[in-house]
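Input: a single structure, listed below in structure tokens.
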Amino acid sequence: MTFKKRVLLVVKKIPRGKVLTYQNVARKAGFPRAYRAVGNILNKNFDPAIPCHRVVGSDGSLRGFNRGLAQKKKLLKKEGIDLKKSGELICEMARKKMH
DNA sequence: TAGCTGACGCAAA
DNA sequence: ATTTGCGCCAGCT
């Protein structure tokens, strides 16, 4: 339950125009190996206050969306995020982590 | 309480 | 490059 809350909070905290991977979200939540549960939680928890569309796969690809992938793509595009952009963002954060 | 599921991720073939 | 299999964790039935 705590984990769930943490995950939702992290997702809510994702700034506009940015995307995070499930893995990243889990890591921020404090459970780096629970990226599985992250998707599960988002799936069951239908909350418009949570920009689940900013959560993408490790390669920046969209995995799923409660309202349909089409809507998700639209939202991301509206925020200036493209499939390539998400990939770059992920790469960037990965590089930052490595440093 | 125990088992199954899933919006994942990575390695191997 | 693409597909298949396995490992992982929390949530749900």
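Just so it is clear, the model here is predicted, and its values are computed rather than measured. All chains are named by letter (A, B, ...) in the order of the sequence lines, taking the proteins before the strands, and each is independently numbered beginning at 1.
- A:Asp59 comes within 4.0 angstrom of nothing in the nucleic acid, heavy atoms only.
- Looking at heavy atoms from C-beta onward, A:Arg36 lies out of side-chain contact with A:Asn40 at the 4.5 angstrom threshold.
- Put simply, chain A comes within 4.0 Å of DNA chain B, heavy atom to any atom, from B:dT5 to B:dC10, going 5' to 3'.
- A side-chain hydrogen bond (donor to acceptor under 3.5 Å, both in side chains) with A:Glu79 holds for exactly one of A:Arg54, A:Arg16, A:Lys74; it is A:Arg54.
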(request) Evaluate the criterion side chain to side chain contact (heavy atoms under 4.5 Å, CB included) for residue pair A:Asn66 and A:Cys52; output intermediate values, then yes/no. (result) CA-CA 9 Å; A:Asn66 44 26; A:Cys52 2; 4.0 Å; yes
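- With sequence neighbours excluded, the residues that form a side chain to side chain contact (heavy atoms under 4.5 Å, CB included) with A:Ala29 are A:Phe3, A:Arg6, A:Val7, A:Val10.
- Annotation: side chain of A:Asn24 is in contact with side chain of A:Met93 (closest heavy-atom distance under 4.5 Å).
- Remark: A:Phe31, A:Arg33, A:Ala34, A:Tyr35, A:Arg36, A:Ala37, A:Asn40, A:Ile41, A:Lys44 in residues 29-49 of chain A come within less than 4.0 Å of DNA chain C through at least one heavy atom.
- Two residues are said to be in side-chain contact when any heavy atoms from C-beta on lie closer than 4.5 Å; A:Val56 and A:Leu83 fail this criterion.
- For the pair A:Leu20 and A:Val55, the minimum side-chain heavy-atom distance is 4.5 Å or more.
- Between A:Val25 and A:Val11, some side-chain heavy-atom pair lies under the 4.5 Å cut-off.
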